[in-house]
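All remarks here apply to the structure that follows.
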Number of protein chains: 2
Amino acid sequence: MTIQNKRENIMTSALALFAERGFDATTVPMIATSANVGAGTIYRYFENKEVLVNTLFQDYVRTFTKTIEDQFPFQQSVRQQFHHIFKAMILFTNQNEHALYFIKKHSAAHFLDSQSQEDFTQLLNLLRSFFDTGKEQSIIRNLPSEALIAILYGAFIELQNLVRAGELQPDPELFTGIENSLWDSVRSHS
Amino acid sequence: MTIQNKRENIMTSALALFAERGFDATTVPMIATSANVGAGTIYRYFENKEVLVNTLFQDYVRTFTKTIEDQFPFQQSVRQQFHHIFKAMILFTNQNEHALYFIKKHSAAHFLDSQSQEDFTQLLNLLRSFFDTGKEQSIIRNLPSEALIAILYGAFIELQNLVRAGELQPDPELFTGIENSLWDSVRSHS
DNA sequence: AGGAAATGAATGAACGTTCATTCCGTTAAT
DNA sequence: ATTAACGGAATGAACGTTCATTCATTTCCT
């Protein structure tokens, strides 16, 4: 196993455990066992448990932000921009199974350093500016953008949890239905 | 302070701490300090930390379920039933500040005993039967009831977090707007 | 005074972290 | 081609700390 693989292995194991059990209920030996390394090995790659969780947090928040920003259809309709964001959320979740839930679960945690908080704020700003633009055009419902983000984000995460738990079959039809539901929750019905 | 008050005091303090920090990051001495009692006193009222958290969980899940069931307008329209549920969520949150978030945060936790899980399932069943009825009448969107619950529940909790954090002003106008948004997310737009 | 309630220092288990040791791939010498 | 020496990577037992829990003692109330 290469060094890069081993580092990623530790990160992937830690991500899944942090997402499932939470930071505080996950022990370093647990991560080590799951990653098939000795407990001490983790400290060759990460200064300590908090550095590990912050590294993970920043990594995935940035990747998620980039996924939304990538080829964002600035010229097109608000509805199409919403579709792009929704697609990005699905794509990111498919490519990083536990990442969104991990982010959600720890985005207000006491151990986040200032860099992690900054990265998360940037993600929120991106969503906020989308909703603000949509409201200016009277296409998005007249609610605080914070609230609109909460609705979209809260509902989406809860749904992905059901999919992860196997209680919901992730077929395209379902996703279209959910996209429409969430669009109807944020759009203006004048 | 009466015995009943002391017990409630411990429960209220534990609730707030569990909601804010999570079960694993909350220590028993923390709860004791917050409740102005000695650490040992907690063990006069609760066998151990897990019994305490399960007692809290069952208490609040049952109260929440009762709040929804109380005066439920079975005879009236699905929209009015939805309004009742939404009002119940607001009422319950006003009367039990941290309770809904506590429930949310721990409803899939590893330390929940079978009684807690059963109580939570009953709450879900109540919501599920509301959505099922609404779908039969083609008033509710044709999505799995699990998904509809996730949307309503996920969005609502996320919004209450913003209110608790002071990032959203809880005025009646906002709540009406949110109720409409969530109704539009679950209703059928034929 | 007597008995129940409350206490918080003491305890042992479990945690994050360290570090003396082992392992293993590469290099160099024969 | 084989072997010896080297050094960074990996290890997991051991350390100090923190936690949940206990219990000998004190406090409170009747």
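Here is how names work: the chains are called A, B, and so on, in the same order as the sequence lines, proteins then strands, and each is numbered from 1.
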Inset, instruction - For the pair B:Phe18 and B:Phe23, name the ring-plane relationship: parallel under 30°, tilted 30 to 60°, perpendicular over 60°. - result: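 Tilted, since the angle between the ring planes falls between 30° and 60°.
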Inset, instruction - Fit a plane to each ring of A:Phe57 and A:Phe120, take the angle between them on a 0 to 90° scale, and name the class: parallel (under 30°), tilted (30 to 60°) or perpendicular (over 60°). - result: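 A:Phe57 vs A:Phe120 ring planes: tilted.
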Inset, instruction - Check whether any side-chain heavy atom of A:Tyr153 sits under 4.5 Å from a side-chain heavy atom of A:Leu127, and report yes or no. - result: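 Answer no - side chains too far apart.
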Protein-nucleotide distance ([X], atom [atom1]; [N], atom [atom2]), rounded to Å:
X       : N      : atom1 : atom2 : value
A:Tyr45 : D:dG8  : OH    : P     : 14 Å
B:Ile31 : D:dA20 : CD1   : C1'   : 10 Å
A:Met30 : C:dG16 : CE    : C1'   : 13 Å
A:Asn48 : C:dC15 : CG    : C1'   : 14 Å
B:Leu52 : D:dA20 : CG    : P     : 11 Å

Legend entry - Members of residues 15-29 of chain B that approach DNA chain D, where some heavy atom sits under 4.0 Å away: B:Thr26, B:Thr27, B:Val28, B:Pro29
Legend entry - Below 4.0 Å: OP1/OP2 of C:dA6 and any side-chain N or O of B:Tyr43: no
Please determine whether a side-chain nitrogen of the Lys or Arg among [X] and [Y] lies less than 4.0 Å from a carboxylate oxygen of the Asp or Glu.
X        : Y        : answer
A:Lys104 : A:Glu158 : no
B:Glu69  : B:Arg62  : no
B:Lys105 : B:Glu20  : no
A:Asp184 : A:Arg187 : yes

Legend entry - Partners meeting ring pair (Phe, Tyr, Trp, His ring centres under 6.0 Å) with A:Tyr101 (sequence neighbours left out): none
Distances for protein N or O near nucleotides 7-11 of chain C N or O, under 3.5 Å:
residue, atom, partner, partner atom, Å
C:dT7, OP2, B:Gly38, N, 2.8
C:dT7, OP2, B:Thr41, OG1, 2.3
C:dG8, N7, B:Gly40, N, 3.3

